[in-house]
Amino acid sequence: MCRKSDRAGTSSYAIVARSVRFWVRMGIVSTVSVAELKSAIVAALQQVRDGQAAITAASRNIATAQGSLTAVTTGSGHDAVATAQAALAQAAAELEQSLAATFAAAEQAEGYAATL
C-alpha cells in the first residue's frame, strides 16, 4: 500500500511527535511514557476508524443521490443536471481519496506504535 500523508500533508508520525513536543513545551507533561504514547495512538486510531465509518456512510449517500438524480432526470438535456451529476461524481471521488488517506495514515500510526 502506498504511504500517503494525511490531507494536510503531514504524516501521522509527525502529528503525534508534534503533539508530544507541544505537551512538553506547555508543561502539560514533562515526559510521556511509551505506554501513554501507545494509548494516545490507540485513541487516535479509534477516531480515524470513526471518521472512516462517516466517510463510508457519506459515500453511500452520495451514490444513492446519484442514482436518484439519474432516475428522475433521465433524458433531460439541462446543463444543471449535468453539472449536478458531475459535482456528485467529484464528491464521490474525493471521499474515496479521503478514505484511502485515512487508511494510509492509520497504517503509518500503527507502524510507529509497533516500533515503540
Side-chain angles (χ1 to χ4, degrees):
M1 173 176 269
C2 60
R3 297 177 184 241
K4 292 186 179 180
S5 299
D6 68 2
R7 66 186 176 116
T10 306
S11 70
S12 299
Y13 169 79
I15 292 169
V16 170
R18 186 175 44 219
S19 296
V20 170
R21 285 193 302 271
F22 173 77
W23 296 336
V24 171
R25 203 172 46 244
M26 297 303 295
I28 296 169
V29 293
S30 57
T31 59
V32 176
S33 72
V34 171
E36 291 169 322
L37 185 53
K38 284 184 176 184
S39 178
I41 292 170
V42 167
L45 287 170
Q46 181 56 51
Q47 291 176 323
V48 170
R49 284 189 289 279
D50 293 346
Q52 289 169 336
I55 292 169
T56 300
S59 293
R60 285 188 198 122
N61 289 341
I62 294 294
T64 300
Q66 284 177 299
S68 297
L69 185 60
T70 298
V72 299
T73 59
T74 299
S76 171
H78 202 280
D79 287 343
V81 172
T83 301
Q85 286 288 12
L88 289 171
Q90 180 180 352
E94 290 177 8
L95 285 170
E96 186 62 34
Q97 290 172 346
S98 295
L99 188 59
T102 64
F103 281 114
E107 180 183 353
Q108 291 295 311
E110 289 167 344
Y112 173 66
T115 67
L116 298 176

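Model, not experiment: these values are computed from the prediction.
The side-chain hydrogen bond (donor to acceptor under 3.5 Å, both in side chains) check on Gln66 picks up nothing, with sequence neighbours excluded. Under the side-chain hydrogen bond (donor to acceptor under 3.5 Å, both in side chains) criterion, Arg60 pairs with no residue at all, not counting sequence neighbours. Remark: Thr102 pairs with Val48, Gln52, Ile55, Leu99 by the side-chain contact (heavy atoms from CB on, under 4.5 Å) rule, at least two apart or across chains. In this structure, the side-chain hydrogen bond (donor to acceptor under 3.5 Å, both in side chains) partners of Gln46, at least two apart in sequence or on a different chain, are Arg49, Asp50. Partners of Glu96 under the side-chain hydrogen bond (donor to acceptor under 3.5 Å, both in side chains) rule, at least two apart in sequence or in another chain, do not exist in this structure.
Linking ILVMFWY side-chain heavy atoms closer than 4.5 Å, directly or via other members, places Leu116 and Val42 in two distinct hydrophobic clusters. Residues Ile41 and Val34 share a single hydrophobic cluster, defined by chaining ILVMFWY side chains whose heavy atoms lie under 4.5 Å apart.
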Do any side-chain atoms of residues 73-80 form donor-acceptor pairs under 3.5 angstrom with protein atoms, and if so which ones, sequence neighbours left out?
{"from": "Thr73", "atom 1": "OG1", "to": "Leu69", "atom 2": "O", "distance (Å)": "2.4"}
{"from": "Thr74", "atom 1": "OG1", "to": "Thr70", "atom 2": "O", "distance (Å)": "2.5"}
{"from": "Ser76", "atom 1": "OG", "to": "His78", "atom 2": "N", "distance (Å)": "3.2"}
{"from": "His78", "atom 1": "ND1", "to": "Ala80", "atom 2": "N", "distance (Å)": "3.0"}

